[in-house]
**Q** 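Before anything else, here's the structure in question.
Owing to the predicted nature of the structure, the values given are computational and were not obtained by experimental measurement. Numbers restart at 1 for each chain; the letters A, B, ... are given by sequence-line order, proteins then strands.
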Number of protein chains: 2
Amino acid sequence: MRCLLFMRKPKHVRKAELKETIQNNPFITDEALATSFNVSIQTIRLDRLELGIPELRERLKDVARQHHDEVKALTDEEVIGEVIDLQLDETAISIMEIREEHVFTRNGIARGHHLFAQANSLAVAIINDDFVVTGRANVRFSKPVKATERVVAKAKVTAQDDKWTTVIVESYVDQRRVFSGEFQMARGHQD
Amino acid sequence: MRCLLFMRKPKHVRKAELKETIQNNPFITDEALATSFNVSIQTIRLDRLELGIPELRERLKDVARQHHDEVKALTDEEVIGEVIDLQLDETAISIMEIREEHVFTRNGIARGHHLFAQANSLAVAIINDDFVVTGRANVRFSKPVKATERVVAKAKVTAQDDKWTTVIVESYVDQRRVFSGEFQMARGHQD
DNA sequence: CTACTATTAGGACCTAGTCATAGAAATGCG
DNA sequence: CGCATTTCTATGACTAGGTCCTAATAGTAG
């Protein structure tokens, strides 16, 4: 027999659990971990060393830094999705990956405005003018899109006069069309 | 005369600058602040004390915690904007404040998809059904909206059959209409 | 019994602070 | 000018949450 009251877990199990615990609670100290795993602080430190997990303060620094970067990434995101092809006033293509935060928690289907946002910002990007705003849009969501799917939006300028430009955007997941829309974009410099 | 080579700033100026410096770089230590303001560490500590600014580690902890909270807040944000009135299957009103991150940096005008997002999610919220997705939308952006303006969206159910619901949304800044749209919403439980 | 791993313990050191006390320097004012 | 008051600096004692290194112990396998 190898214990009295508290059976210890074998090392590799503890290490796996340790890793997970720290991952979804980076705020925990070695001391707290030690008592929760019922081993000494030194053991926890050894485990962290072997797993390459930094100390509490470094972890917090990392999380905080990440936060800062993310905020920046979000605010200067002029185009939603990644533009992979762009011929001004002709055609453009962008790709957007649907993540958990884009879908309804109830049914896992992407909220319409994210597809709209991708299409709309592509319609803005395609136009060769400093001043562009959307005037009208007529859109259709033909198939639900789920998390992890990659939406490819293809935009095409179909008509143009001195003030208005018509852009057709069609979005696909694999080869299936999930969204289509016609955008009337206003160019020019005032109001 | 009150200096030899390095003119010191008066206390209140330093304090103001200190506050700002820390605000847009929470990662800085007292030591770095001391050398950059050309005063002793203790002075910096006193200033922080008077300004109620916590120490580096606490600041990082705060930023990290904020990050964790924000991620949650974003993911369970089912409605864009704040719903202030809701009669299921009849009418609904929401308010959204346009902030810097919603507008084009070039011209300060709100990106269309944010107005669309507010309207669309209000159209979803108004419908008394667990499963709702947008099928079609026909929208019009009639006036540009700028940062700090508050957009009031009013939604109204105008037609309904066993599968489709038509919702009209009109959005206003002050009394001026800036957006209108007709949304065809699909209810029911599959595909 | 010995070799070995896993664990624990201890001490020295570190950073980035805290709080409290004391002294020095600069400034305002009668 | 001198003196009071503000402002700044210095110092020492203490803290959390670690690092790194060495050494001792416990338990198990051959």
**Q** Write down the distance between CD (Glu58(A)) and P (dT15(C)), rounded to a whole number of angstrom.
**A** 12 Å
**Q** Specify the separation, in whole Å, of atom CG of Leu46(A) and atom C1' of dG18(D).
**A** 14 Å
**Q** Taking the six-membered ring where the residue is Trp, are the ring centres of Phe116(B) and Phe183(B) under 6.0 Å apart?
**A**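 Yes, the ring centres sit under 6.0 Å apart.
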**Q** Can you tell me the distance, in whole Å, between the CD1 atom of Ile44(A) and the C1' atom of dG17(D)?
**A**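 One finds 14 Å between C1' of dG17(D) and CD1 of Ile44(A), rounded.
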**Q** Take atom CG of Asp47(B) and atom P of dC8(D), then tell me their distance rounded to the nearest Å.
**A** 7 Å
**Q** Distance check needed: dG17(C) P versus Leu33(B) CG, whole Å only.
**A**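 Interatomic distance, CG of Leu33(B) to P of dG17(C): 8 Å.
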**Q** Would you indicate which nucleotide in dA16(C), dT7(C), dT9(D) comes nearest to any side-chain atom of Thr29(B)?
**A** dA16(C)
**Q** Under 3.5 Å, is there any donor-acceptor pair linking the side chain of Arg57(A) to the base of dG17(D)?
**A** yes
**Q** Would you kindly compare Ile41(A) and Glu31(B) by the position of their nearest DNA chain C nucleotide and give the one closer to the 5′ end?
**A**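 Comparing both residues, the 5'-ward one is Ile41(A).
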**Q** Given the side-chain rings of Phe104(B) and Phe131(A), with only the six-membered ring counted for Trp, is the space between their centroids under 6.0 Å?
**A** no
**Q** Is the positively charged end of Lys61(B) above the ring of Phe27(A), judged by distance under 6.0 angstrom from the centroid and angle within 45° of the axis?
**A** no
**Q** How long is the line joining CZ of Phe37(A) and P of dT8(C), in whole Å?
**A**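 Going from CZ in Phe37(A) over to P in dT8(C) covers 13 Å.
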**Q** With 3.5 Å as the limit, what N/O pairs link the protein to nucleotides 4-6 of chain D?
**A**
none

**Q** Below the 4.0 Å mark, does dT8(C) have OP1 or OP2 next to a side-chain nitrogen or oxygen of Ser40(A)?
**A**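 Yes, Ser40(A) has a side-chain N/O under 4.0 Å of OP1/OP2 on dT8(C).
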**Q** With a 4.5 Å cut-off on side-chain heavy atoms, are Arg14(A) and Thr43(A) touching?
**A**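 Contact flag for Thr43(A)/Arg14(A) side chains = yes.
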**Q** Kindly give the atom pairs (protein nitrogen or oxygen, nucleotide nitrogen or oxygen) under 3.5 Å for nucleotides 19-22 of chain D.
**A**
from    : atom 1 : to       : atom 2 : distance (Å)
dT19(D) : OP1    : Arg48(A) : NH1    : 3.2
dT19(D) : OP1    : Arg48(A) : NH2    : 3.2
dT19(D) : OP2    : Arg48(A) : NH2    : 3.1

**Q** Do Gln118(A) and Ser94(A) have side chains that approach each other closer than 4.5 Å (heavy atoms only, starting at C-beta)?
**A**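 In short, these two side chains touch, coming nearer than 4.5 Å.
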**Q** What is the distance from CG of Asn38(B) to C1' of dA26(C), rounded to the nearest Å?
**A** 15 Å
**Q** What integer distance in Å separates Leu56(B):CG from dA16(D):P?
**A** 18 Å
**Q** Among Val157(B), Asn128(B), Asp129(B), find the residue that satisfies the side chain to side chain contact (heavy atoms under 4.5 Å, CB included) test when tested with Leu88(B).
**A** Asn128(B)
**Q** How about Glu17(A) and Glu20(A): do any of their side-chain heavy atoms sit closer than 4.5 Å?
**A** no
**Q** Please examine the side chains of Thr134(B) and Gln184(B), heavy atoms only from C-beta on, and report whether any two atoms are closer than 4.5 Å.
**A**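 Answer no - side chains too far apart.
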**Q** Take a 6.0 Å sphere around CZ of Arg59(B) and say whether it holds more than 12 heavy atoms from other residues, nucleotides or ligands.
**A**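 Yes, CZ of Arg59(B) has more than 12 neighbouring heavy atoms, counting only those of other groups under 6.0 Å.
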